[in-house]
Protein chains: 2
Amino acid sequence: MNPSLYIRDPEQSELGKNIIKHSIQLIHDNGFEAFTFKKLAESIGTTEAGVYRYFENKHKLLVYIISWYWGWIQFQLNYQTNNIKDPIVKLKKIITLLSTNVEDDITTGHVDEAQLHQILISEGSKAYLTNHVGKDNKQQFFQPYKDLCNAIGDIILECNPKYKYPHSLASTIFEMAHLQNFFMNHLPSLTDFSKSKNESDIIKYLEDLVFKSIRE
Amino acid sequence: MNPSLYIRDPEQSELGKNIIKHSIQLIHDNGFEAFTFKKLAESIGTTEAGVYRYFENKHKLLVYIISWYWGWIQFQLNYQTNNIKDPIVKLKKIITLLSTNVEDDITTGHVDEAQLHQILISEGSKAYLTNHVGKDNKQQFFQPYKDLCNAIGDIILECNPKYKYPHSLASTIFEMAHLQNFFMNHLPSLTDFSKSKNESDIIKYLEDLVFKSIRE
DNA sequence: TTATTTATGATAGTAATACTATTATTTAAA
DNA sequence: TTTAAATAATAGTATTACTATCATAAATAA
């Protein structure tokens with residue numbers, strides 16, 4: 001994790017881990033706009049000042065947990081496609097990974113991956129859609145996202161070395177896996193998926209989009 | 001315009017038109033997070049209470065100006081594709097329309113379309129990425145966006161009546177025309193476009209994506 | 001063991017934001 | 001010309017987003 005995101009490393013103490021855990025819970029439940037350090041402190045049983053010793057402001061905390069997700073997806077991608085040779089199968093794995101509402105991984109006690117995935121759907125783009133995106137970018141806040149798009153882009157190029165837009169297609173897959181899910185659940189007429197809350201339709205759409213795009 | 005978005009119709013008075021004009025200016029210049037009714041009032045030369053007589057809160061004002069854009073795009077789409085028969089040419093027009101940083105249309109004195117386009121790029125998704133999206137949707141706030149995606153979806157179906165995801169592809173075009181532009185300018189390594197600020201690359205990418213997707 | 005650093009808790013306080021309310025004054029419609 | 005409506009001016013409240021201070025508890029070093 002990028003140390004510029006925090007003041008004190010939340011992984012290194014119980015209070016820190018509680019801040020992460022309860023932030024994910026609260027942002028998941030009420031959205032980022034309604035999320036305040038005061039509510040967070042109350043939920044943990046500490047004080048506002050206690051939270052401020054870990055994070056400068058709520059935006060950096062949001063970027064922290066979203067970075068955590070980017071890194072976790074990168075790990076899952078490496079892990080799940082490790083012994084797969086066919087890049088098409090790899091790409092399908094990634095589409096499914098990004099589109100599917102994952103199970104909570106119990107090995108990461110203070111992070112609920114299922115809730116994090118929901119946060120990415122509703123709040124993910126707020127990490128960068130700010131007027132200080134340039135400053136944040138200079139501090140490398142988005143490096144894990146860039147690494148992820150590079151990795152996906154490499155697999156796209158393995159499928160078709162002549163394809164001209166591997167990075168744009170990678171970011172399109174990432175963003176659309178989340179946005180089409182949001183639309184499906186809240187503005188279904190912007191999609192062709194009934195409010196079945198079934199992600200398999202989104203996967204089919206993205207596979208159709210991607211594999212038609214990259215075929216020679 | 002949906003009357004639930006405002007308290008008093010801003011089109012019906014000079015003050016109202018000033019609220020729209022200066023809102024677009026301020027949100028364009030400093031972003032939506034930094035935008036407050038106090039700053040807006042100061043910029044106009046009225047008082048905070050004056051603004052609150054027109055809009056309940058800054059979110060509804062944002063949705064108002066974004067709705068204005070959706071409606072304007074719909075109008076431009078109808079106008080520009082009116083006497084075109086070939087649906088492929090129509091679709092290209094739409095992609096170009098959504099991707100291009102338009103000129104300010106001087107016939108709409110209080111709305112600067114060029115600035116509005118920039119606002120859509122940076123703030124567009126904040127219209128619906130809220131925890132009250134369901135409530136807003138019940139009040140039909142997103143009807144112009146749905147109408148637009150339907151219209152684009154119809155043209156997609158004209159190109160290929162068997163294509164299975166016309167609405168999802170329409171919302172993908174709309175969102176990606178904006179998001180790839182944002183990435184190009186602020187996080188270029190998420191794209192394959194150099195920071196040339198040249199939208200023609202985005203148009204080529206989207207045309208490639210769309211026409212490969214819908215070809216039979 | 002004691003001394004000392006370090007993290008946390010408790011409390012207070014400030015500036016800005018997001019509003020609501022009241023009254024006076026100007027403008028426009030009946 | 002009366003009356004209603006819109007606006008300006010001012011004040012005030014609750015919440016948010018912080019900063020600062022001091023006491024205490026826990027961990028660590030001498």
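Convention: sequence-line order gives letters A, B, ...; per-chain numbering from 1.
A salt bridge links A:K126 with A:E33: at least one charged nitrogen is closer than 4.0 Å to a carboxylate oxygen.
For the pair B:G16 and B:T47, both in contact range of DNA chain D, the more 5′-proximal nearest nucleotide belongs to B:G16.
B:R53 places its CZ atom 13 Å from the C1' atom of C:dT27, with the value rounded to the nearest Å. If you measure from atom CG of A:L40 to atom P of C:dG9, you get 13 Å, rounded to the nearest angstrom. To the nearest angstrom, P of C:dT25 lies 20 Å from CG of B:L15. Atom-to-atom, CG of A:D9 to P of C:dT8 comes out at 12 Å; the value is rounded to the nearest Å. Between the NZ atom of B:K17 and the P atom of D:dA6 there is a distance of 15 Å, given to the nearest Å. For the pair B:I44 CD1 and D:dA9 P, the interatomic distance rounds to 14 Å; values are reported in whole Å. Nucleotide D:dA5 holds its C1' atom 11 Å from the OH atom of B:Y54, rounded to whole Å. For A:Y52 and C:dG9, the OH to C1' distance is 17 Å, given to the nearest whole Å.
The side chain of B:N57 sits closest to C:dC19 out of D:dT10, D:dA17, C:dC19. Between D:dT16, C:dT11, D:dC18, one nucleotide has an atom nearer to the side chain of A:A49 than all others, and that is C:dT11. The B:T46 side chain lies nearest to D:dA8 when the options are C:dA18, D:dA8, C:dG9.
In this structure, the ring of A:F174 has its center less than 6.0 angstrom from the ring center of A:H178.
Of the possible donor and acceptor atoms, none in the side chain of B:N131 sits under 3.5 Å from a partner among the backbone N and O of A:G31.
Contact of the B:K58 side chain with the B:F32 side chain is registered, since non-hydrogen atoms from C-beta on lie closer than 4.5 Å.
Taking only side-chain nitrogens and oxygens, B:K38 never comes nearer than 4.0 Å to OP1 or OP2 of C:dA16. Taking 4.0 angstrom as the limit, A:S13 places a side-chain polar atom (N or O) nearer than this to OP1 or OP2 of C:dT8.
A side-chain N or O of B:D29 and one of B:Q25 form a donor-acceptor pair less than 3.5 Å apart.
A:E56 comes within 4.0 angstrom of sugar-phosphate atoms only, judged by non-hydrogen atoms across all strands, and of no base. Contacts of B:R8 with the nucleic acid, taken as non-hydrogen atoms under 4.0 Å apart, involve only primed sugar atoms and P, OP1 or OP2.
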